[in-house]
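Structure, as structure tokens:
Below, all heavy atoms of this structure are taken into account, side chains as well, without hydrogens, waters or symmetry copies.
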There are 2 protein chains.
Amino acid sequence: MKKFLNDPQYFVDEMLEGLLLAHADQLKSVREDNRGLIRSDAPVPGKVAIVTGGGSGHLPLFLGYVGKGMLDGVAVGDVFASPSAQVMLDVTRAVNSGAGVLYLYGNYGGDVMNFDMAGELAELEGIRTETVVVTDDAASMPKGQEAQRRGVAGMFYLYKLAGAMAESGASLAEVKRIAEKANQHVRTMGVALSPCILPEVGRPTFAIGDDQMEIGMGIHGEPGIERGTLKTADEVADILVSTILADLPCEAGSEVSVLVNGLGATPLEELYIIYRKVHLLLAERGIRVYRRYIGEFATSMEMAGLSVSILRLDDELRELLDMPFATPFRVQN
Amino acid sequence: MKKFLNDPQYFVDEMLEGLLLAHADQLKSVREDNRGLIRSDAPVPGKVAIVTGGGSGHLPLFLGYVGKGMLDGVAVGDVFASPSAQVMLDVTRAVNSGAGVLYLYGNYGGDVMNFDMAGELAELEGIRTETVVVTDDAASMPKGQEAQRRGVAGMFYLYKLAGAMAESGASLAEVKRIAEKANQHVRTMGVALSPCILPEVGRPTFAIGDDQMEIGMGIHGEPGIERGTLKTADEVADILVSTILADLPCEAGSEVSVLVNGLGATPLEELYIIYRKVHLLLAERGIRVYRRYIGEFATSMEMAGLSVSILRLDDELRELLDMPFATPFRVQN
């Protein structure tokens, strides 16, 4: 296992310490163990708060999206493990300004169970909560079973759009409506070339042949829909785009936002080679890319691979997408 | 070779096409082959222009730093190969507004030869040019032979500081002075865990044992100063920081900026574990980190490894560091 590590059992603790030392002006901890982090200006008076959470190992997901125009707080779990309901509750209390809290996170069993429990406990304390579970991974379940799909890189768009809505002073119901709408408007398809290595385990999460790729693999190495020989970049782009568009029809003349997300080890050069073909394929169908994001947005440590997310825009979503945000990992003016 | 590629010989061309499709609002091409890119608003009237260049495979270096507050243009070479003098000259002509052009690039033989030739040709056309060659890699030559060192991730700081100076309307001599001063004030030390794979070659650039690391390795796989067994993250941080500070003394009470740069495959989590220790080691010496950058700033495709750069600040450099910039890859408000 070639990693920059000390004792693997302190991997998350030391990562969080580094993060808080680096971004003390933007983030603050609400717990001695640093597993709950919030915006440094939280609670923001009168604003609906948005809280996410999930396992570690996906930076900049999840905690990298805490900041103005995005999220208010995050519950941080161990590597690929859900944070506890208690951490979620602590974060909820710390960000609540009285306008309510939206739980916005990916569809994984442990996270759902714990956020539901945290929400019930918060309600007992008089804190209103609502929940939107992100289910953008088109590969994880067939059409018609969207609610059971996993949440992957498209989560970025839900944070961005709901975050912009909350920042504008909208009500909890309105912020929830935007998150649900964004979830309906976004689909992601990923492809993996190599596994990642969990620090505490020290070996690859799965095996894949030197000439193989897996389409539809999840960000924890969950099985995809097809394993086959390595295809060209253009063929990969074609499979991802056509699968997404079969699931999320976009008419000629429509506008979308595209996210090409690196899973960890894939060079930025290759993400641009993929973006090139995605852009051209959409252009052939008369679909315009209004705004694009290319880089690492939701990783699986050192996994080689990438995902493409497409967000279908309308006037409301376009306006929210254009609003600025500032997090430790990314700034949009 | 597990890469998202089409024909390897079009790797750079397709990457550039993707980049121009993605960032048409910020970048424009000055050549049919796209090997010369400039700011979309170049030439900026009255402003000293800064031009860089180098081989591909290091994104966001070099072309990712073209933008307001940073660079005006870039000459793009093949993977790990210098661009031609003709490309550099084309970029020079396209960014020149009459206030002169600073060539600012890393100390590699081909780049030096070609930029010198481009500068001579530009002078014949009446375009004033000056040159500052970046030599921040403390591992590449011993103290006393600083001018022969390679340029690596610390180049980011020269772009940032000289770019801010040029944006403020300073003269060519003043912009050059700041670039030289920044070069004297910054040192970088890298460590590699794995090689990268050149698309056209298809095999690793060097071999390294499963339990080994190489300290001081260059961003093209140039040999470092020590190959040994894998050390802990804290030990690595200690070696990098103490080597840098032996070369670049920073007194107690001084302020620095720190850049922890991922070489490609190393997870962001691990960069934060390294930053944590760097921060603590500096604090022990009474050195304050005024501003830090953590992420991928100068890569070697999918190489696993990282570098630490330390920039010693004074009032002038701090003020320039704080100025905003906006490039396709990073925004600072």
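When heavy atoms are compared at a cutoff of 4.5 Å, B/L230 approaches chain A solely by way of its side chain, counted from C-beta outward. Contact of B/A304 with chain A is not made at all, since no heavy-atom distance falls under 4.5 Å. Heavy atoms closer than 4.5 Å to chain A are found in both the backbone and the side chain of B/L268. Using a 4.5 Å cut-off between heavy atoms, B/V191 contacts chain A through both its backbone and its side chain. Contacts between B/E296 and chain A at a heavy-atom distance below 4.5 Å involve the side chain alone, from C-beta outward. For B/F11, the parts lying near chain A are the backbone and the side chain together; criterion is any non-hydrogen pair under 4.5 Å. Looking at A/L306, both its backbone and its side chain come within 4.5 Å of chain B, counting heavy atoms on both sides. For B/L16, no part sits under 4.5 Å from any heavy atom of chain A, backbone or side chain. For B/I294, the part sitting under 4.5 Å from any heavy atom of chain A is the side chain, from C-beta outward, and nothing else. Of the two parts of B/D210, only the backbone, made up of N, CA, C and O, holds a non-hydrogen atom closer than 4.5 Å to a non-hydrogen atom of chain A.
Under the 4.5 Å side-chain criterion, counting only non-hydrogen atoms from C-beta, A/V76 is not in contact with A/P83.
Residue B/H58 comes nearest to B/T299 through the heavy atom pair ND1-O, 2.7 Å, listed as atom of the first residue, atom of the second, then distance.
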Worked verdict on A/D13 versus A/R35 for salt bridge (charged side-chain N to carboxylate O under 4.0 Å, His left out): CA-CA 8 Å; A/D13 295 322; A/R35 297 304 173 107; 3.0 Å; yes

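Of the listed residues (B/L19, B/D7, B/I274), the greatest number of heavy-atom pairs within a distance under 4.5 Å of chain A belongs to B/L19. With respect to chain A, the highest number of heavy-atom pairs below 4.5 Å among B/E269, B/M15, B/E302 belongs to B/E269. For the set B/S194, B/A237, B/G264, the entry with the most heavy-atom pairs within less than 4.5 Å of chain A is B/G264. Here B/Q212 is the residue among B/M213, B/Q212, B/R330, B/R291 with the most heavy-atom pairs under 4.5 Å with chain A. Counting heavy-atom pairs closer than 4.5 Å to chain B, the top residue among A/G305, A/G57, A/A326 is A/G57. Most heavy-atom pairs under 4.5 Å with chain A, from the set B/P328, B/A283, B/S300, B/A233: that is B/A233.
Each of B/L282, B/T188, B/I287, B/L240 was checked for a side-chain contact (heavy atoms from CB on, under 4.5 Å) with B/I310, and the lone residue meeting it is B/L282. The residue from A/I219, A/T205, A/L263, A/V79 that alone fulfils the side-chain contact (heavy atoms from CB on, under 4.5 Å) condition with A/M301 is A/V79.
Residues A/Q332 and A/Y293 bring a donor and an acceptor atom of their side chains to less than 3.5 Å of each other. Looking only at atom types and distance, the side chain of A/Y275 has a donor-acceptor partner in the side chain of A/R292 under 3.5 Å away.
A distance below 6.0 Å separates the ring centres of A/H23 and B/Y272. Within the 6.0 Å centre-distance limit, the rings of A/Y65 and A/F156 are counted as a close aromatic pair.
Here B/D238 does not pair with B/K231 in a salt bridge; the nearest charged N to carboxylate O distance is not below 4.0 Å.
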